[in-house]
Asker: 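Structure below; questions to follow.
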Amino acid sequence: MSKMDTLRERMQSATRLRQIRENANLTQERFAEILGISLSAYKKVESGENQVSLSCLRNLYNAMNVSTDYILY
């Protein structure tokens with residue numbers, strides 16, 4: 001997988017997370033709390049700078065019943 005493919009996938013995941021957050025009418029701060037990370041860490045995830053961790057995905061599933069497959073693929 002090329003670096004561009006990896007970046008594209010990270011940006012798609014970030015877009016899906018933002019859409020989930022916005023559809024639930026949650027602030028970035030509240031969504032970060034649900035994921036169990038700091039606000040600054042979440043902002044990096046939503047911008048595509050960092051990738052969401054497995055523990056964050058688990059927290060999201062437990063709190064909002066969102067499929068990890070949807071986020072990642």
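Hydrogens, waters and symmetry mates play no part in the numbers below; they use all other heavy atoms, side chains included.
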Asker: Which distance, rounded to the nearest 0.5 Å, do you find between the CD of Glu9 and the CE of Met4?
Answerer: 12.0 Å
Asker: Keeping to residues at least two apart or across chains, list the salt bridge (charged side-chain N to carboxylate O under 4.0 Å, His left out) pairs with something in residues 27-40.
Answerer: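 Residue pairs passing salt bridge (charged side-chain N to carboxylate O under 4.0 Å, His left out), neighbours aside: Arg30-Glu33.
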Asker: Could you work out, with side chain to side chain contact (heavy atoms under 4.5 Å, CB included) as the rule, every residue matching Asp69, not counting sequence neighbours?
Answerer: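 In terms of side chain to side chain contact (heavy atoms under 4.5 Å, CB included), with neighbours along the sequence ignored, Asp69 is linked to Ser67, Tyr73.
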Asker: Does Met64 have any side chain to side chain contact (heavy atoms under 4.5 Å, CB included) partners at least two apart in sequence or in another chain, and if so, which?
Answerer: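 Residues passing side chain to side chain contact (heavy atoms under 4.5 Å, CB included) with Met64: Ile20, Ala24, Leu26, Phe31, Ile34, Leu60, Val66.
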Asker: Can you tell me how far CG of Asn59 sits from CD1 of Ile37, rounded to the nearest 0.5 angstrom?
Answerer: 9.5 Å
Asker: Among pairs that include at least one residue of residues 3-25, which meet ring-ring contact (aromatic ring centres under 6.0 Å, His included), considering only residues two or more places apart or in two chains?
Answerer: none
Asker: Mind jotting down which residue pairs meet the side chain to side chain donor-acceptor pair (under 3.5 Å) criterion with at least one end in residues 40-57? Sequence neighbours excluded, please.
Answerer: Arg21-Glu46, Gln28-Glu46, Ser38-Ser40, Tyr42-Glu46, Ser53-Ser55
Asker: Taking all non-hydrogen atoms of both residues into account, name the closest pair between Ala14 and Gly48 and its distance.
Answerer: CB-N, 4.1 Å
Asker: Considering only residues two or more places apart or on different chains, which pairs with a residue in residues 11-20 satisfy side chain to side chain donor-acceptor pair (under 3.5 Å)?
Answerer: none
Asker: With the 4.5 Å side-chain cut-off for hydrophobic clustering, are Tyr70 and Leu35 part of the same group?
Answerer: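 As far as the 4.5 Å side-chain criterion goes, Leu35 and Tyr70 are connected within one cluster.
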